[in-house]
J.: 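Pasting a structure below so you can have a look.
The sequence lines fix the lettering, A, B, ..., with proteins before strands; numbering per chain opens at 1. All values derive from a computational prediction rather than experimental measurement.
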There are 2 protein chains.
Amino acid sequence: MPNPPTIKEIARKLNLSASTVSRALHNHPRIGLKTRLQVQALARELQYEPNQTAIFFQQKKTFTLGIVLPELSEAFFSAAISGIEDTANKSNYMVLLGQSHDDATREEKIVGIMKNHRVDGLLVSLAKNTVNYAHFEMLRKYNIPVVFFDRIPDMQHIHYVAANMESGTVQAVALLLQQGHRVIGMINGPEKLIASRQRTTGYRTAMQQQRLKYDATLNLPTDLTREGTRQAMQQLLSHKRKVTAIVAFNDYVSQDAVQYALEQGLQINKDICFVSYANLPLSSYMAFPPMASVEQYPYQQGQQATAILLDILSGKLPQDDYQQLTIDSRLVMAPGR
Amino acid sequence: MPNPPTIKEIARKLNLSASTVSRALHNHPRIGLKTRLQVQALARELQYEPNQTAIFFQQKKTFTLGIVLPELSEAFFSAAISGIEDTANKSNYMVLLGQSHDDATREEKIVGIMKNHRVDGLLVSLAKNTVNYAHFEMLRKYNIPVVFFDRIPDMQHIHYVAANMESGTVQAVALLLQQGHRVIGMINGPEKLIASRQRTTGYRTAMQQQRLKYDATLNLPTDLTREGTRQAMQQLLSHKRKVTAIVAFNDYVSQDAVQYALEQGLQINKDICFVSYANLPLSSYMAFPPMASVEQYPYQQGQQATAILLDILSGKLPQDDYQQLTIDSRLVMAPGR
DNA sequence: TTGTACGCGTTATCAG
DNA sequence: CTGATAACGCGTACAA
């Protein structure tokens with residue numbers, strides 16, 4: 001009998017019924033003190049552990065959350081998952097992982113498998129090229145709640161947590177203005193992304209706050225490829241007004257932009273300054289870290305998204321009371337070198 | 001009936017027995033063609049999906065692997081987990097995640113929970129301060145196989161995959177010698193770590209291959225803290241022989257060492273060269289990337305460890321045929337800037 | 001070719 | 001206070 005002991009086994013050895021044992025182990029009030037102690041003693045002796053798979057099955061609940069995200073090797077997501085895990089663990093939930101590697105097909109498959117594994121809920125950050133949301137709609141039928149975070153779909157009735165890029169952008173541009181920059185370029189993302197539009201809004205707002213005119217030709221949408229960045233840089237550097245500072249869409253874009261500037265013989269932080277949005281750990285090992293960076297609080301996003309999901313699962317929050325939570329991004333200065 | 005359809009339901013609607021339906025769905029050979037098609041048609045129509053939790057329970061198998069590792073925000077581990085996931089997914093296994101955050105207590109708890117969740121097997125990379133292995137020994141009783149990777153325990157009868165630091169170290173030192181360096185410092189780790197001893201052996205070997213004398217005073221063990229690194233640097237820079245190159249234990253150590261050198265007014269790659277072992281993505285955004293880096297193949301380690309575990313689970317490999325696999329590390333040149 | 005019966009481990013309901 | 005029984009969904013040995 002290398003098989004783990006069961007409740008039945010204990011019952012048999014004690015000439016009790018399985019139900020009594022079960023109750024005794026749960027400290028059910030109306031169980032005789034001595035039977036209870038007896039049972040618990042034997043349980044300890046046999047090193048009894050309840051068979052979770054049986055419980056999951058019986059309770060139709062697995063205490064497992066499915067996490068679907070693009071890439072753990074992106075620092076943003078590995079931070080986010082820690083927030084998720086920590087929050088989930090506190091409520092005795094475990095975490096089932098699936099990386100989409102930014103592939104919509106793979107994402108779809110993962111969601112399907114997780115549904116079959118009967119995860120209690122899902123936390124999702126979309127793959128870049130996900131355009132079809134059928135696999136998420138489908139989950140409603142199975143009563144599996146989903147909370148999206150960071151990369152959220154363009155849908156109405158969903159729960160989500162995401163960073164609001166506007167606040168950080170306002171602060172970023174304001175900082176540059178305060179430092180005397182007047183012609184500020186922005187390498188932005190695709191216009192269909194909310195995050196791009198928020199950056200634009202932030203940019204305008206900061207300018208207006210200083211009663212300065214917003215110049216749309218300085219705010220360039222790109223496809224976020226390296227080539228796109230280089231073209232944008234070329235355009236900005238040959239702008240009729242002399243651009244002295246640049247807000248880059250993210251750290252990867254920033255790196256490419258910096259490199260282009262260097263190739264053009266510009267001196268970073270002298271001829272031209274960069275501000276970016278944090279993806280990479282903004283630490284001492286970056287060659288030319290942006291002078292400041294807009295923090296998006298991945299750990300907190302993970303935490304909050306999980307908290308919402310857990311509230312739904314515990315019934316504290318009705319499924320259809322859609323939580324749409326926005327975390328204000330914030331400008332953080334680079335530590336001096 | 002928002003409840004998902006079951007095999008019984010299909011049976012009832014078709015006036016069949018549940019077992020027939022079950023068999024039909026599995027394409028059991030001796031089921032009438034037309035019943036089979038009938039069943040499969042209705043199953044599709046009802047969007048039947050087998051209840052995995054029931055299957056898990058019944059088969060005593062969850063098709064889930066538990067992953068216990070210190071920190072996903074370390075690039076090494078996020079790469080490793082991709083190897084794990086990809087390999088696991090190919091065999092229809094899912095991945096249950098637990099980060100120990102380098103805390104032995106937490107590691108222990110995670111292992112316990114995963115055992116209760118009846119994971120089929122475990123992939124583990126130890127927390128730094130794990131000294132007690134009882135929670136792993138315990139798993140034998142439950143017949144849950146464990147494969148360790150990278151940070152492996154000092155135990156006899158275990159499966160593991162780990163990088164061998166010797167090969168890469170030989171190559172690193174050989175490179176430096178070839179470039180004319182004669183006095184090479186090594187900032188090593190605690191002597192009780194296998195990985196430190198392998199570095200020492202590699203260093204000696206490379207020297208001997210060139211018929212050069214190995215000078216132990218150039219190979220300094222440290223505790224891998226920043227302060228430890230700085231002390232080692234101080235010692236090396238004031239060595240009676242002039243140190244012109246340094247092999248650092250890892251990228252974090254390397255960063256600290258470089259910083260110290262800069263503070264001393266040295267020029268990197270001119271007065272002094274660095275070679276390191278890859279933790280950080282060796283890309284263009286490092287300020288002073290080592291000129292070369294010893295690659296430890298995290299993705300492959302994850303792959304191989306998972307492959308071994310799956311072989312054990314499928315019975316291809318006997319539990320007690322202990323696989324102890326070593327992946328040779330290899331020197332990789334830094335891309336030109 | 002199909003049906004019956006059973007078991008997996010646990011909890012809940014109902015009875016005593 | 002405790003026991004018997006059913007139920008969760010599925011697969012499978014045994015019957016027919």
J.: Whole angstrom is fine here: how far is it from CD1 in B:Ile10 over to C1' in D:dG9?
T.: 12 Å
J.: For D:dT2, take OP1 and OP2 only and decide whether either is under 4.0 Å from a side-chain N or O of A:Thr35.
T.: yes
J.: Students often mix this up, so state it plainly: with edges at 30° and 60°, are the rings of A:Phe149 and A:Phe77 parallel, tilted or perpendicular?
T.: perpendicular
J.: Do you know which two heavy atoms are closest between A:Gln301 and A:Ala162, and how far apart they sit?
T.: OE1-CA, 3.7 Å
J.: Can you tell me how far C1' of C:dT2 sits from CG of B:Asn15, to the nearest Å?
T.: 13 Å
J.: Could you tell me if the ring centre of A:Phe56 sits under 6.0 Å from that of B:His117?
T.: yes
J.: Mark yes when over 12 heavy atoms from residues, nucleotides or ligands other than A:Asp154 sit less than 6.0 Å from its CG; otherwise mark no.
T.: no
J.: So if I define the base as every atom that isn't primed, P, OP1 or OP2, how would nucleotides 5-16 of chain C read as a B/S/- string at a heavy-atom cutoff under 4.0 Å?
T.: --BBBBSBB---
J.: Could you name each residue pair satisfying salt bridge (charged side-chain N to carboxylate O under 4.0 Å, His left out) that touches residues 61-73 of chain B, not counting sequence neighbours?
T.: B:Lys61-B:Asp120
J.: Starting at atom CG of B:Leu14, determine the distance to atom C1' of C:dT1, rounded to an integer number of angstrom.
T.: 15 Å
J.: Using OP1 and OP2 only, check whether a side-chain N or O of A:Ser17 sits under 4.0 Å from D:dG3.
T.: yes
J.: Would you sort out whether A:Leu309 and A:Tyr93 count as a side-chain contact (heavy atoms from CB on, under 4.5 Å), showing the intermediate values?
T.: CA-CA 11 Å; A:Leu309 185 54; A:Tyr93 277 78; over 6 Å; no
